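First comes the structure, then the notes that go with it.
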Amino acid sequence: MERVGTRVVRISQPRAYALVLGIALAAFANSLGNGFAYDDTQIIENNPAVTDGALRDVIGAPYWPNSVSGTGLYRPVPVASYVVEWRLWNGSPFGFHLGNVVGHAAVSLVLLTLLIRLVPIIPATLGAGLFAVHPLHVEAVANVVGRAEIYAAFFYLVGCLLFLMGRESRGTRRIARMIGIGGCYALALGSKEIAATLPGMLVLLGVMGAAGGRSDDASRLVEAVAAVLRRGRRIIIEDAPLFALLTAVLAGYFVARLVVLGSFAGEIPAPELVGVTGAARIYTGISLWPDYLRLLLFPLSLSADYAPGVRFPAHAFDAQVALGVITIVGLASLAVWSARTRPTVMLGIAWFALAILPVSHLVLRAGTLLAERTLYLPSVGLSFAVAGIAAGVVTSGVGTRRGWGVAALVVGTALFARTVERNPSWLSTFTVLETLAAEHPESYLAVRARATGLDRTGDFEQAASFYETALELAPGSYSLLAEVGDFYGRHEVWGRAEEVLLRATEILPDQPQAWRLLSGQLILQGRGRDGHRAAMWGLAAAGPDAELWGLVSEAYLTKGDLGASLRARRVALSLNPDSARDWGRLADVLSVLDRVEEAQAARTRADELERGRP
């Protein structure tokens, strides 16, 4: 119960928790009927690590199945949940979506708990309720693999809560707090890389409000910044064992990535940013800030993808970059202005700026130019800001409170309706692409999907036209180039196929797919020597690869060198001993060499693998 002005407002914490829980569950309830869509099919439905694997294998497996060494992502926590739930729900997508909805509700409740420590119960409830219902979160909640965002946010927020709750603790309680925060950090990192900013966020929570208040001249602002830095340094010193542990956790995480993925970075940058200069990357990162603000404040227009056609990178300081600078300066000014009277608003702006950093392209190139799911954790900053504004409103006059209350109800209802309307767009891969094509027909992914559909119907001319349009929009997309090269190869338009595939090998020479397609097509044309050369180039650039060695073997066959073909096929089998095709081709070569018993053994092994026997 709180006294507001001359009126007593009755609201208890249990009611606040029940309200936020109800909003979160109701807003996303109709996503429970969704199936596996888009990335769900590769990461869950068709991933042997999930459908046939064991929990003990998860820690050593990349997030994306069949990812090439040096690429991929490392997210063992959500993958472990997929393994458990696949068995629990017998592969039914309903159970996975239920896990997402419940997980989102849990994040909303932890956020409410955190807000209650900063503002009164009513503003805290409004802030958490906004997070629970925001349409921006549909991609993270209604698409199963969005769980990585949910889990990362949950453990991240619990870590923040433990930090604030136990700052005055001593002895064993302080040790338990430190271990708890360290465990949350490890689990958050194991969910998604965006959680790397947690140590910085803890310092931010500790120094909140240290800058004093509003500054009207540069000297005061400089003094405020200096005060913040002093306070931050003191917090790190006071909690030195904690920050040492978090540093060790982060280092261990990077070591695990190196062991599992073969590199620290892992993820392939967004196709639009491949080959761009450092300046262009930064320009692009700055230009995205108006998009962030629009999606947070006016989430009417949403998109399953912001690929070229919908959004392009910035290659110079243009109007879009200038608008980004204005947005950043405006938000920074608002943060400074609100420091004294609305410190939670300042915290919200700073939270967003820090949380978005790993995916903002301002430090490193991320794997996607812009994605709504990546704003899940950063959008907590909006809840802080709204709670801070509401904290000032509840102390105002009755008329003002009523007006703001009506406005909050209208906005909340509109957001709820938009979320409910948006959830079914993630029903299946078809609905995702259909919705994208309807909302953003200019997207290269929509154009690409149209080309794929036309190819399936046998309309080569129209399919080729759409593929060429897609290439004009996204000339740096490796996967698109490989798909188009394969398309032209299947239709025996060899010259164009070779041209496209060679471009793909120039963009990402260490990826084997384009080399495989190029070598295979050359061999099909009877150009065995060229096919052999392409396969060897691929092996030199991409490293050991069973399929490329198999193509080397095929190339030797076209030249009649059976011995070399046999040796190359055995190398392929040493890299992938469970390939039924390689065992079958080995049997063919052995038969030609009149090595009957060995050929029969190889054929038997191929038959066993095709029947699924060990």
Side-chain angles (χ1 to χ4, degrees), residues 46-49 52 57 60-62 64-72 260-262 478 482 485-486 489-490 497-498 501-502 504-505 508-614:
N46 298 325
N47 185 358
D52 305 322
D57 301 324
W64 285 96
N66 303 318
S67 58
V68 179
S69 178
T71 68
V260 175
L261 303 179
Y478 179 87
D486 179 56
R490 286 186 284 103
E498 184 173 350
L501 291 173
L502 283 172
T505 64
L508 289 176
D510 57 348
Q511 301 303 301
Q513 184 183 9
W515 292 113
R516 294 169 182 166
L517 290 169
L518 179 61
S519 175
Q521 290 180 11
L522 290 169
I523 292 170
L524 282 175
Q525 296 174 62
R527 297 165 60 184
R529 193 175 300 277
D530 291 334
H532 177 271
R533 185 181 300 112
M536 295 306 293
W537 283 345
L539 288 167
D545 181 82
E547 290 189 40
L548 284 174
W549 274 110
L551 288 164
V552 171
S553 176
E554 295 296 325
Y556 277 124
L557 283 178
T558 65
K559 295 186 290 183
D561 192 339
L562 296 179
S565 176
L566 180 64
R567 290 191 295 272
R569 189 67 64 179
R570 290 194 185 280
V571 174
L573 282 167
S574 71
L575 295 171
N576 184 13
D578 294 327
S579 170
R581 183 181 184 280
D582 280 322
W583 281 108
R585 293 299 287 161
L586 178 66
D588 294 339
V589 176
L590 289 168
S591 295
V592 174
L593 290 171
D594 204 25
R595 294 161 64 169
V596 179
E597 292 185 2
E598 293 178 74
Q600 183 58 46
R603 181 68 63 194
T604 299
R605 181 58 179 155
D607 292 342
E608 289 175 347
L609 288 168
E610 287 177 353
R611 292 195 298 267
R613 291 172 54 188

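If you're wondering where the values come from, they're calculated on a predicted model, not measured in any experiment.
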Side-chain contact, heavy-atom cut-off 4.5 Å: D607 with T604? no
Which pair of heavy atoms, one from A535 and one from L551, lies closest together, and at what distance? CB-CB, 4.4 Å
Can you name the nearest heavy-atom pair linking A580 to A606, along with the distance? O-CB, 3.6 Å
Measure the CD-CZ distance between E610 and R581 for me, rounded to the nearest 0.5 Å. 11.5 Å
Exercise: identify the closest heavy-atom pair between Q521 and G489: NE2-CA, 3.4 Å
Can you measure from CE (M536) to CH2 (W515) and round to the nearest 0.5 angstrom? 12.0 Å
Exercise: identify the closest heavy-atom pair between A572 and A546: CB-O, 3.4 Å
Taking all atoms of both residues into account, what is the closest heavy-atom pair of A555 and I523, and its distance? N-CD1, 3.9 Å
Spacing of W537 atom CH2 and L548 atom CG [to the nearest 0.5 Å]: 13.5 Å
Below 4.0 angstrom, N of the basic side chain to O of the carboxylate: do R585 and D582 qualify? no
Nearest-0.5 Å distance, CG of residue D530 to OG of residue S519: 9.5 Å
Nearest heavy-atom pair of P577 and L609: which atoms, and what distance? O-CD1, 4.1 Å
Under a 3.5 Å distance rule, please check whether E547 uses its side chain to pair with a backbone N or O of P512 as donor and acceptor. no
Tell me, with the steps shown, if L557 and D588 meet side-chain contact (heavy atoms from CB on, under 4.5 Å). CA-CA 11 Å; L557 283 178; D588 294 339; over 6 Å; no
Decide yes or no for D561 and H532: does some side-chain heavy atom of the first lie under 4.5 Å from some side-chain heavy atom of the second? no
Would you say V589 and R569 make side-chain contact, with heavy atoms under 4.5 Å? no
Rounded to the nearest 0.5 Å, the CG atom of L586 sits from the OG atom of S591 at a distance of 9.0 Å
Any side-chain heavy-atom pair of V592 and D594 under 4.5 Å: no
Rounded to the nearest 0.5 Å, how far does CZ of R567 lie from OH of Y556? 7.5 Å
Side-chain touch D578/R605, heavy atoms, less than 4.5 angstrom: yes
Just wondering, more than 12 heavy atoms not from R490 lying within 6.0 Å of its CZ? yes
As a quick check of understanding, evaluate side-chain contact (heavy atoms from CB on, under 4.5 Å) for L518 and L522, giving each step before the final call. CA-CA 6 Å; L518 179 61; L522 290 169; 4.1 Å; yes
Side-chain donor or acceptor of S574 paired with backbone N/O of V571 under 3.5 Å: yes
